[in-house]
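Order of appearance sets the numbers: ligands from 1, and atoms from 1 within every ligand.
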Amino acid sequence: MKNIPLPSTSHQPKKYAGPSAAEVAALRKQFMNPGIFLYYKSPIMIVEGSMQYLWDDTGKRYLDGLGGIVTVSVGHCHPHVVAAANAQNELIQHSTTIYLQPNVALFAEKLASKLPGELKVCYFVNSGSEANDLALLMARAYTQNYDVIALRNAYHGGNASGMAVTGHSTWKYNVPHSFGVHHALAPYPYRGVYGYDEPDAGKKYADDVKSLIDFATPGKVAGFIAESIQGVGGFVEFPKGYLK
Ligand SMILES: Cc1ncc(COP(=O)(O)O)c(C=O)c1O
């Protein structure tokens, strides 16, 4: 494959002086649970990042075309993020929600100002899985119903309740976890049961949700959970009219 040179950058990576990739692989093997797996036989070892670039232990630079959930918005070690995190780290690192702390309330206000419609109240958690676990608990507690409609081809997390609503065998273990969850047809224009050109696909897939409620639940559900665009399942945008 042809090597396309990267544009120049002013960022000078530090010379890496830590353990070698082979040593790190051996440490992982000995001290980390094998469930935390690597994707490649000889994975690169990333030791530094700046904006859109990453460097490996040999000083080789990469353009990060994959990103991670935490860095996908503004890149690696964005100076504004680093400055804000450093300033907070030097002031106080942790208190609890039972005391007042200005930043959490100010952040909630700022976040709410960016959210549409009636989405104006925040509840901060540590991860997507935890957010979905809490959402399911709130929906069940509020509605006094237990059943939930989820979608096939969905990913909602690796904890017990996230796995329950996930609709992909790759991310489900053979333990009981989906009690009360019903997976409707994936409204998937490219690989779904209704073709890409089916003008009524949105309504037809939504009819499957109605049918599940009518035939697989007591007629009432705690909620419906779906990614706005299915991510892990292959970047699936739902057909027009499905969600409204
Ligand atoms: C749509 C969606 N929901 C939930 C999760 C779980 O988030 P976390 O890994 O932070 O628990 C992910 C993670 O990739 C996700 O893509």
Under 4.0 Å to a heavy atom of [X] - the qualifying atoms of ligand 1, by number:
{"X": "N132", "value": "3 (N), 4 (C)"}
{"X": "S129", "value": "6 (C), 7 (O), 8 (P), 11 (O)"}
{"X": "E227", "value": "1 (C)"}
{"X": "S127", "value": "10 (O), 11 (O)"}

Separation of D64 CG from Q52 CD (nearest 0.5 Å) =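 Here the rounded value is 9.5 Å.
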
Which residue and atom name correspond to the protein heavy atom nearest [atom], and how close is it?
{"atom": "atom 14 (O) of ligand 1", "result": "I69 CD1, 3.6 Å"}
{"atom": "atom 8 (P) of ligand 1", "result": "G128 N, 3.5 Å"}
{"atom": "atom 16 (O) of ligand 1", "result": "Y155 CD2, 4.0 Å"}

task = Would you tell me whether H11 and T9 have side-chain atoms, one donor and one acceptor, within less than 3.5 Å of each other?
result =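 There is no such pair (donor and acceptor under 3.5 Å, judged by atom type) between the side chains of H11 and T9.
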
key: Ring centres under 6.0 angstrom apart (F124, F107)   =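 That pair passes the under 6.0 Å test.
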
query = Taking the inter-plane angle between the rings of F179 and Y146 on a 0 to 90° scale, is it parallel (under 30°), tilted (30 to 60°) or perpendicular (over 60°)?
reply =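 Aromatic pair F179/Y146 classed tilted.
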
ask   = Is the Y53 ring parallel, tilted or perpendicular to the W55 ring (thresholds 30°, 60°)?
value =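 Taking W55 first and then Y53, their aromatic rings stand perpendicular (interplane angle over 60°).
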
ask   = Are any of the side-chain nitrogens in K204 or D208 under 4.0 Å away from the carboxylate oxygens of its partner?
value =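 A salt bridge is absent here (no side-chain N lies under 4.0 Å from a carboxylate O).
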
